[in-house]
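Take a look at the structure set out below.
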Amino acid sequence: QVQLVESGGGLVQAGGSLSLSCAASGGTLSTYRAAWFRQAPGKEREFVAAISRGGMTTYAESVKGRFTVSRDNTRNTLYLQMISLIPDDTANYYCAAGTRTPWEAAGTYDYWGQGTQVTVSS
């Protein structure tokens with residue numbers, strides 16, 4: 001059973017940057033596809049970015065060019081580097097791990113963190 005714990009959220013002004021981390025325990029994160037999702041109040045959880053076991057990445061159109069997903073297998077940790085943040089990026093950000101497809105579907109991930117809040121002020 002993999003446990004995931006996110007950190008790094010906070011309040012930032014529009015145009016600013018934040019880096020999120022997701023530390024895994026109880027299992028080896030590198031054996032899973034890992035992803036970031038986000039959920040704003042009153043909205044459904046949406047896909048943000050994912051990275052395969054081999055390091056291939058994919059992004060939602062809304063974050064392409066601004067967000068970068070990466071993983072450090074030696075630290076068993078997933079990262080999300082976010083730049084040029086806009087108010088629409090405000091949400092609770094979750095990391096997830098799984099092995100099934102499609103990558104963008106929340107239902108294909110088996111393990112989830114508790115989330116970290118990102119708030120972007122205008």
To the closest 0.5 Å, what do you measure between CG (Asn73) and OG (Ser30)? 4.5 Å
What's the separation between atom CD in Glu6 and atom CD in Gln114, rounded to the nearest 0.5 Å? 4.5 Å
Look up atom OG in Ser19 and atom CG in Leu80, then write down how far apart they are to the nearest 0.5 Å. 8.0 Å
State which residues pass ring pair (Phe, Tyr, Trp, His ring centres under 6.0 Å) with Tyr109; sequence neighbours excluded, sorted by chain then number. Phe37
Note: Ser122 and Ala14 closest approach over all heavy atoms is CA-CB, 4.4 Å
Do you reckon Val120 sits in the same ILVMFWY cluster as Tyr94, going by side-chain contacts under 4.5 Å, direct or chained? no
Contacts of Ser62 meeting side chain to side chain contact (heavy atoms under 4.5 Å, CB included) (sequence neighbours excluded), chain-then-number -> Arg38, Ala60
Going only through I, L, V, M, F, W and Y residues with side-chain contacts under 4.5 Å, is there a path from Trp103 to Leu78? no
The complete set of side chain to side chain donor-acceptor pair (under 3.5 Å) pairs with one or both residues in residues 49-58, sequence neighbours excluded, reads none
Are Trp112 and Trp36 linked, directly or through other ILVMFWY residues, by side chains that come within less than 4.5 angstrom of each other? no
Going by salt bridge (charged side-chain N to carboxylate O under 4.0 Å, His left out), name the residues that satisfy it together with Lys64, two or more places apart in sequence or in a different chain. Glu61
With sequence neighbours excluded, residues passing salt bridge (charged side-chain N to carboxylate O under 4.0 Å, His left out) with Arg45: none
Who are the side chain to side chain contact (heavy atoms under 4.5 Å, CB included) partners of Pro41, not counting sequence neighbours? none
Decide yes or no for Gln3 and Tyr111: does some side-chain heavy atom of the first lie under 4.5 Å from some side-chain heavy atom of the second? no
Does Pro102 reach the side chain of Thr108, with side-chain heavy atoms less than 4.5 Å apart? yes
Quick check: do Leu85 and Leu18 have side-chain heavy atoms less than 4.5 Å from each other? yes
Please report the interatomic distance NZ(Lys43) to CG(Asp88), rounded to the nearest 0.5 Å. 6.0 Å
Salt bridge (charged side-chain N to carboxylate O under 4.0 Å, His left out) contacts in which one or both residues fall within residues 110-122, not counting sequence neighbours: Arg100-Asp110
Given the rule that I, L, V, M, F, W and Y join up when any side-chain heavy atoms are under 4.5 Å apart, are Tyr93 and Leu4 in one cluster? yes
Using ring pair (Phe, Tyr, Trp, His ring centres under 6.0 Å) as the criterion, list what pairs up with Phe67, not counting sequence neighbours. none
Cluster overlap Tyr79 with Ile51, hydrophobic side-chain contacts below 4.5 Å: no
Please name all residues satisfying side chain to side chain contact (heavy atoms under 4.5 Å, CB included) with Ser17, sequence neighbours left out, ordered by chain then number. Gln81, Ile83
Please enumerate all residues that pass salt bridge (charged side-chain N to carboxylate O under 4.0 Å, His left out) together with Glu44, with sequence neighbours excluded. none
Do Thr101 and Arg33 have side-chain heavy atoms sitting under 4.5 Å apart? yes
From Asp89 atom CG to Thr119 atom OG1, the distance as rounded to the nearest 0.5 Å: 11.0 Å
My understanding is that only residues two or more places apart in sequence, or in another chain, count here; which of them pass side chain to side chain contact (heavy atoms under 4.5 Å, CB included) with Ser84? Arg66
Hey, are the side chains of Leu29 and Thr77 touching, using non-hydrogen atoms and a 4.5 Å cut-off? no
For Tyr59, the ring pair (Phe, Tyr, Trp, His ring centres under 6.0 Å) test, sequence neighbours excluded, returns none
Would you check, one step at a time, whether the test side-chain contact (heavy atoms from CB on, under 4.5 Å) holds for Gln117 with Leu11? CA-CA 8 Å; Gln117 178 67 34; Leu11 173 64; over 6 Å; no
Is any side-chain heavy atom of Leu20 closer than 4.5 Å to one of Thr116? yes
